[in-house]
Colleague: 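Submitted below is the structure of interest, expressed as structure tokens.
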Amino acid sequence: MKRSLAALALSSTAVFCTVFPVLAEDDKKAAICAEAEERYVELFGAPSDEADGVTIVKMYKYNFCPGELVVPVGTTVRWVNVDKRTSHSVIVPNEPESDRAFPEETIEYTFLTEGDQEYLCGPHWETQKMIGMVTVTSK
């Protein structure tokens, strides 16, 4: 029995995703974050890495983009909701939950303590695993 190249490719992809689900998940996250950046540019007219004086994290499709970052002490992180219909919040260690950021709104926080600090979206961390990590380093 001959199998078409497409069928072989499909079965190989299925095996790859089953055997290497983390890699498949990384690819999915990368695609979502690429869409988030496109949406950011569409909304604000420039790439997120050109923001002046802040580090941008996009909130999109129940993800933080990027999900992990390294910043020096004193860095302000600005979370930007680039979703079209969903609101998000941010909870950083030892701080109350932020107000909800609706589409195109932002939340800011300045990190003053060194170390790994997990942050999460109040309404979506448990059901959608919307959790991020910032590593704060000395200057």
Side-chain angles (χ1 to χ4, degrees):
M1 169 170 32
K2 282 189 171 182
R3 291 176 65 180
S4 71
L5 189 54
L8 183 59
L10 267 175
S11 66
S12 297
T13 301
V15 168
F16 180 82
C17 291
T18 302
V19 177
F20 299 104
V22 172
L23 297 177
E25 200 58 34
D26 288 348
D27 288 346
K28 181 179 176 185
K29 171 99 175 182
I32 288 170
C33 288
E35 284 180 32
E37 181 63 19
E38 288 174 16
R39 179 98 171 106
Y40 183 92
V41 171
E42 182 182 302
L43 293 171
F44 300 101
S48 63
D49 63 0
E50 292 181 9
D52 198 25
V54 296
T55 297
I56 300 292
V57 175
K58 282 101 36 209
M59 297 181 285
Y60 186 66
K61 294 187 176 180
Y62 306 109
N63 287 274
F64 290 112
C65 297
E68 297 179 11
L69 44 119
V70 178
V71 298
V73 167
T75 297
T76 297
V77 173
R78 178 182 297 150
W79 290 271
V80 181
N81 184 350
V82 296
D83 268 316
K84 292 184 179 181
R85 293 180 186 87
T86 305
S87 65
H88 300 285
S89 69
V90 175
I91 302 173
V92 296
N94 303 313
E95 295 292 329
E97 182 175 357
S98 72
D99 289 336
R100 292 278 185 109
F102 289 88
E104 301 181 39
E105 292 183 339
T106 65
I107 298 165
E108 288 189 4
Y109 181 78
T110 302
F111 287 90
L112 301 173
T113 306
E114 289 181 46
D116 291 340
Q117 298 178 49
E118 188 174 76
Y119 59 89
L120 47 91
C121 175
H124 301 120
W125 73 273
E126 210 166 12
T127 58
Q128 302 293 330
K129 308 287 188 257
M130 192 171 176
I131 301 169
M133 174 67 74
V134 61
T135 299
V136 183
T137 62
S138 62
K139 290 185 178 188

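Small disclaimer: the values here were computed from a predicted structure and weren't measured.
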Colleague: Name all pairs fulfilling the ring pair (Phe, Tyr, Trp, His ring centres under 6.0 Å) condition that reach into residues 80-105, sequence neighbours left out, sorted by first residue then second.
Modeller: His88-His124
Colleague: For residues 67-101, which residue pairs pass the disulfide (SG to SG under 2.5 Å) check, not counting sequence neighbours?
Modeller: none
Colleague: Report the hydrophobic cluster partners of Val80, with the cluster defined as I, L, V, M, F, W, Y residues connected by side-chain heavy atoms closer than 4.5 angstrom, directly or transitively.
Modeller: Ile32, Tyr40, Leu43, Phe44, Val54, Ile56, Tyr60, Val82
Colleague: Would Val73 and Phe111 show up in the same hydrophobic cluster when neighbours are defined by side-chain heavy atoms closer than 4.5 Å?
Modeller: yes
Colleague: Taking only residues two or more places apart in sequence, or in another chain, which ones meet Ile107 in a side-chain contact (heavy atoms from CB on, under 4.5 Å)?
Modeller: Met59, Trp79, Val90, Ser98, Ala101
Colleague: Applying disulfide (SG to SG under 2.5 Å) as the test, list every pair that has at least one member in residues 25-60; sequence neighbours left out.
Modeller: Cys33-Cys65
Colleague: With salt bridge (Lys or Arg N to Asp or Glu O under 4.0 Å) as the rule and sequence neighbours excluded, what pairs involving residues 80-89 come up?
Modeller: none
Colleague: In terms of hydrophobic clusters joined by side-chain contacts under 4.5 Å, are Val71 and Val57 together?
Modeller: yes
Colleague: Output all residues satisfying side-chain hydrogen bond (donor to acceptor under 3.5 Å, both in side chains) with Thr86, sequence neighbours left out; order by chain, then residue number.
Modeller: none
Colleague: Looking only at heavy atoms, which two atoms of Leu69 and Tyr119 are closest? And how far apart?
Modeller: CD2-OH, 4.4 Å
Colleague: Among residues two or more places apart or on two chains, list those pairs meeting salt bridge (Lys or Arg N to Asp or Glu O under 4.0 Å) that have a residue in residues 99-108.
Modeller: Arg78-Glu108
Colleague: Going by disulfide (SG to SG under 2.5 Å), name the pairs with one or both residues in residues 106-139, residues two or more places apart or in two chains.
Modeller: none
Colleague: Run the side-chain hydrogen bond (donor to acceptor under 3.5 Å, both in side chains) test against Glu95 and tell me which residues pass, sequence neighbours left out.
Modeller: none
Colleague: Quick check: do Gln117 and Val136 have side-chain heavy atoms less than 4.5 Å from each other?
Modeller: yes
Colleague: With rounding to the nearest 0.5 Å, note down the distance linking CG in Leu120 to CD1 in Ile131.
Modeller: 6.0 Å
Colleague: If you look at every heavy atom in Gly122 and Glu97, which pair is closest and at what distance?
Modeller: CA-OE2, 3.4 Å
Colleague: Among pairs that include at least one residue of residues 125-134, which meet salt bridge (Lys or Arg N to Asp or Glu O under 4.0 Å), considering only residues two or more places apart or in two chains?
Modeller: none
Colleague: Filter on salt bridge (Lys or Arg N to Asp or Glu O under 4.0 Å), then keep only pairs touching residues 47-61, sequence neighbours left out; what's left?
Modeller: Glu35-Lys61, Glu37-Lys58
Colleague: I want to check something: taking the side chain as every heavy atom from C-beta on, are Thr135 and Glu68 in contact at a cut-off of under 4.5 Å?
Modeller: no
